[in-house]
Amino acid sequence: MRSLALALRASWGALAAPAAMLAAVAYGLLNNGWVGAWMETAQTAVNAFTLALPLIVLAAGLDAQRDSDVSSPLYPGRGARSGVVITLWRWVGITSWMLAAFIAASATLLITTWGRSDPIEFPWLVLTVGVGWIAAHTALGLALGAYLPRLGLLIVAAVAPFLLNVGLAYGTGSPSALLTALDNGVLAVGTRLAPEAAARQLAWFCALTVGGLIVATARRSKPWLGMAAAGVMVGLGLVSVLTGPGERGAPVAEEKQICAEGVVVVCVWKEHAYYLPALRDVTDAMVEDLDTALPLPDRVAEAGLALSDSSVSFYIGTQNAGPGMLAEYLAPDLVRWLACEGTPGEVAVSDDVLVRERWLAWRAVPDALPPQAFDETHGIPEGPISEQVDWFAAGLDGACAPL
Amino acid sequence: MSPYFRARQLSRALGTVVVLGLVTAAVGSRRIPALPPGFGQEYVPVISLALMPVIVGVTCTTLLESPARTLERTSCRGLAAHRSLYALIICGLAIMLLLGAATLPEEKPYLLVATHFAAGTGLSLLITAWLSDTFAWLLVPTYALLSLMVWQAADAWRPILVFGPYPTQWSVAVCCALGALGVATHVTRRPRE
């Protein structure tokens with residue numbers, strides 16, 4: 001315990017870890033690019049640590065360079081200990097700091113989901129991949145710190161790992177995305193991290209960790225060993241990229257939905273039950289009275305749930321979506337379904353279609369500006385609702401382009 | 001050449017700035033065809049061109065810092081003049097290279113590059129006036145990255161996110177003020193003990 005306490009005290013992680021945690025939490029809570037199911041929240045927590053990547057590598061590199069001056073009174077007296085022990089001691093120190101920051105940030109984000117989302121399964125695998133990712137980058141930071149001069153370390157640690165990670169993750173589901181924790185949008189509700197993809201990622205991060213520690217240790221005593229370890233790491237990365245599928249998301253084994261009866265049945269994933277009452281009200285307000293001129297769908301279902309021809313599918317695009325946002329997300333898909341009468345097809349974006357989407361959304365959220373306020377050239381009748389419905393239906397005639 | 005410049009290895013410092021300028025040009029002109037056009041071909045290059053000037057700014061701060069503190073005391077008489085001239089050389093070259101890199105993408109974000117460099121340098125110089133430049137390296141790039149990533153989603157926080165991907169009148173004013181304040185603090189600061 002005393003060694004761990006010393007390792008924690010001697011590490012730059014004492015400054016870097018709180019900064020990393022604050023940055024990750026701020027990113028997770030301020031950036032509304034996620035909806036709130038557990039799997040997606042866990043992935044957001046891991047990806048939020050992208051912001052901390054320069055900090056992780058930099059702090060580890062600085063730890064490797066700390067007290068490396070043998071003339072310094074702070075020199076830890078390596079004569080009595082092997083380089084392996086010193087490197088491991090430093091790695092444990094910085095990794096403990098960063099893991100504490102990661103756990104705190106992940107817990108903060110998961111707590112925001114707590115109580116409003118009944119998890120289909122707890123995202124252990126995603127969080128484990130995050131732990132492996134952090135452990136690997138602290139080892140890489142130590143290796144960089146062992147070889148680079150101070151200014152070189154500062155620049156490389158701030159630029160290279162970030163660019164490399166983001167570069168490898170480009171193209172969701174691409175094979176190279178397996179070498180990084182970043183791959184936004186893969187784990188939407190109804191999907192889980194594929195176990196084989198997680199195993200390959202963890203194997204890669206373990207190799208990176210061990211390789212990085214060997215390279216960091218072997219600098220003085222056995223440089224050839226460091227070269228060999230670096231070669232094995234690059235080889236393993238290439239093998240990982242070139243073999244096997246790149247897909248990381250897999251559908252959950254069992255579809256779990258929850259529905260509410262209204263004018264039409266509205267269904268969402270069980271994890272998004274929080275949105276169901278507002279969504280039912282929005283849907284009812286939208287489709288009410290439309291049946292005088294148009295066929296109605298039997299069901300409005302969240303993306304990923306099983307569909308029939310009489311179902312409208314739509315995607316909840318942001319965390320904490322209120323009625324206004326839900327109406328905004330649902331209106332285009334409902335217009336497409338009504339224009340195509342349930343058959344597969346697309347509706348080209350035009351002013352006519354946009355003003356009808358806005359009219360639908362406005363019916364659901366009357367506080368919003370009426371569509372007449374935006375465009376008076378589309379002839380929205382001021383009269384009774386039946387006239388407005390006729391106007392709405394007439395504008396959809398011929399708007400559908402069959403797929 | 002005075003001991004002040006000799007101790008700082010001017011050619012090495014200039015070489016560092018040139019390499020970083022080339023890296024900025026390389027990452028800032030890169031398009032990502034796999035991503036949607038609005039993101040991969042516009043936002044990502046802007047992010048790269050927004051982040052790299054901050055890194056260059058922090059690097060310049062490290063280069064401006066004295067490698068041997070005793071030298072500052074021995075050349076105390078002309079210290080402000082030496083510091084001003086050295087800052088002019090390093091930051092002048094850096095800003096020229098960054099503006100050159102900004103000519104490569106279609107959007108040509110000259111203002112973004114210049115203001116982020118000013119704010120990155122200024123903020124780092126302010127931090128190093130009291131603390132080691134390691135603190136600047138740990139905090140400033142992370143703050144810049146956070147600003148860039150959350151800027152579009154966090155309307156209410158924009159006044160304190162000075163490193164946003166699109167300059168506003170407020171952010172330009174804050175960046176320029178930070179740059180001026182940082183350089184003024186560096187030039188007028190007493191020699192380190």
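Only this structure's heavy atoms are used, side chains among them; waters, hydrogens and symmetry mates stay out.
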Taking atom [atom1] of [X] and atom [atom2] of [Y], what is their separation to the nearest 0.5 Å?
X: B:L138; Y: A:W12; atom1: CG; atom2: CH2; value: 6.5 Å
X: B:T62; Y: A:I155; atom1: OG1; atom2: CD1; value: 8.0 Å
X: A:Q65; Y: B:T134; atom1: CD; atom2: OG1; value: 9.5 Å

Less than 4.5 Å apart, side chain to side chain, heavy atoms only: is that true for A:L151 and B:L63?
yes
Within the 4.5 Å heavy-atom criterion, are B:W137 and A:L153 side-chain neighbours or not?
no
For A:L154, is it the side chain, the backbone, both, or neither that has a heavy atom closer than 4.5 Å to a heavy atom of chain B?
both
Chain B contact via A:L15 - which portion, at a heavy-atom distance below 4.5 Å
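Contact with chain B is through the side chain of A:L15 alone.
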Minimum heavy-atom distance B:L146-A:A23, with the two atoms named
CD1-O, 3.5 Å
Interchain contact, B:I55 with chain A, by part (heavy-atom threshold 4.5 Å):
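B:I55 touches chain A through side-chain heavy atoms alone.
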Which portion of B:T16 sits near chain A, non-hydrogen atoms under 4.5 angstrom:
side chain
Heavy-atom pairs under 4.5 Å with chain B, option from A:L55, A:L22, A:V159, A:L62 with the top count
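When all of A:L55, A:L22, A:V159, A:L62 are compared, A:L55 has the most.
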